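A quick write-up on the structure given underneath.
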Amino acid sequence: MTPTHAEQLGRARPAADLAALPALLAPDLNDAIARKGELETEKFDAIFGAGNLTAARAALDDCNAEIALIEKTIEDADERRIGAPLDEPPAEAVAATPAPGDEVRTNAEALGERWRTIHWLIEQLRQELFAADALSRAIIAANGLFNADGAAGVRVNLTTIRRTAMAGPRAAAPSRLSRPAIQVDRLLLSFLSPGGVLDRRPSIGAPVDGIKSKFIPASERG
């Protein structure tokens, strides 16, 4: 852990400060993730002779280490936040009986932290999506060169890579879930599921790789 991150963790004692720490580190993490996408593209180019592969791998390793460090710092802050007080009240205030509405205010603060975390995760997802898209476009270009050179057997199947990477376990939704939450959950799952927004399947009867399907729609049958 770098001295800067350690100092930030040391100062972030109340829960409110710990909750704000991810937002403070988010710009550094976003920059590192964006740089990772560029370095992965450079490494891919170097594999095919357009660059120094050793230097590209070293730079990518350093970038991955930086991302891991920042994520670990945020994870440590989140773990400390769970056991930290929301503030530092005097002893007599701690001993006092909670006033009506305290639980509601506590839940409201926790809800705000949850939404801030969701915002941060969405931004991380967008950065990863941008990096993945850049790599996909680089692979598509390379596949085109392989076809032109008569080396189609070297081509990389993007669909297989994506489906394999997204085939991990999924959390079960709670039995009680609001209608908006159900809709958002379905949208998120569509990113992971075959045939979803990232895995568009051709319509029934549409040509695939130039080969026309033998399927005849009911409207065209005699």
Side-chain angles (χ1 to χ4, degrees), residues 25-72 74-75 120-171 184-221:
L25 296 179
D28 293 339
L29 185 57
N30 290 339
D31 291 343
I33 292 175
R35 189 165 65 255
K36 175 183 176 181
E38 298 172 356
L39 292 173
E40 286 177 334
T41 302
E42 292 179 8
K43 177 184 174 182
F44 182 84
D45 292 339
I47 291 176
F48 295 96
N52 187 321
L53 181 57
T54 301
R57 283 175 172 169
L60 183 57
D61 289 342
D62 291 342
C63 186
N64 284 330
E66 180 182 353
I67 292 174
L69 176 63
I70 298 175
E71 290 178 341
K72 184 63 168 61
I74 294 174
E75 180 182 350
W120 178 78
L121 290 172
I122 290 174
E123 289 302 315
Q124 299 309 117
L125 175 61
R126 295 181 67 227
Q127 293 293 337
E128 290 291 340
L129 177 63
F130 299 155
D133 183 70
L135 290 172
S136 295
R137 285 185 282 108
I139 293 175
I140 290 172
N143 283 344
L145 295 176
F146 294 148
N147 283 338
D149 293 340
V154 188
R155 292 183 49 179
V156 176
N157 190 313
L158 296 176
T159 300
T160 299
I161 292 175
R162 182 176 59 250
R163 290 184 179 180
T164 300
M166 294 184 171
R170 302 175 186 176
V184 173
D185 184 51
R186 288 175 177 171
L187 175 61
L188 293 175
L189 288 175
S190 72
F191 288 98
L192 304 175
S193 304
V197 293
L198 292 177
D199 188 26
R200 297 289 189 185
R201 291 177 175 174
S203 58
I204 297 178
V208 178
D209 291 335
I211 301 175
K212 183 174 179 57
S213 172
K214 296 182 180 179
F215 174 81
I216 301 177
S219 59
E220 299 179 8
R221 298 173 187 170

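This is a predicted model, so every value here is computed, not measured.
Scanning for ring-ring contact (aromatic ring centres under 6.0 Å, His included) contacts around Phe146 gives Phe48, with sequence neighbours left out. Take Asp185 and apply the side chain to side chain contact (heavy atoms under 4.5 Å, CB included) test, not counting sequence neighbours, and it matches Ala173, Leu189.
Summarising the geometry, atom CG belonging to Asp31 is positioned 10.5 Å from atom CD1 belonging to Ile67; distances are rounded to the nearest 0.5 Å. Note that CD of Glu71 is 9.5 Å distant from CG of Asn64, once rounded to the nearest 0.5 Å. Here the CD1 atom belonging to Ile70 is positioned 9.0 Å from the CG atom belonging to Asn30, to the nearest 0.5 angstrom.
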The test is side chain to side chain contact (heavy atoms under 4.5 Å, CB included); show your working for Arg170 and Ser193 and say whether it passes. CA-CA 11 Å; Arg170 302 175 186 176; Ser193 304; 3.5 Å; yes
With salt bridge (Lys or Arg N to Asp or Glu O under 4.0 Å) as the test, would you mind laying out the steps for Arg126 and Glu123 before giving the verdict? CA-CA 5 Å; Arg126 295 181 67 227; Glu123 289 302 315; 3.2 Å; yes
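A 4.5 Å side-chain heavy-atom check between Phe191 and Leu125 finds every atom pair outside the cut-off. With contacts defined as side-chain heavy-atom distances shorter than 4.5 Å, the pair Arg162/Thr159 qualifies.
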Distance-only criterion, 3.5 Å: show the donor-acceptor pairs between side-chain atoms of residues 129-144 and protein atoms not counting sequence neighbours.
| from | atom 1 | to | atom 2 | distance (Å) |
| --- | --- | --- | --- | --- |
| Asp133 | OD2 | Arg137 | NE | 2.9 |
| Ser136 | OG | Ala132 | O | 3.0 |
| Asn143 | OD1 | Val156 | N | 3.0 |
| Asn143 | ND2 | Val156 | O | 3.0 |

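Within 6.0 Å of CZ in Arg35 there are more than 12 heavy atoms belonging to other residues, nucleotides or ligands. In this structure, Arg186 places its CZ atom where only 12 or fewer heavy-atom neighbours from other residues, nucleotides or ligands lie under 6.0 Å away.
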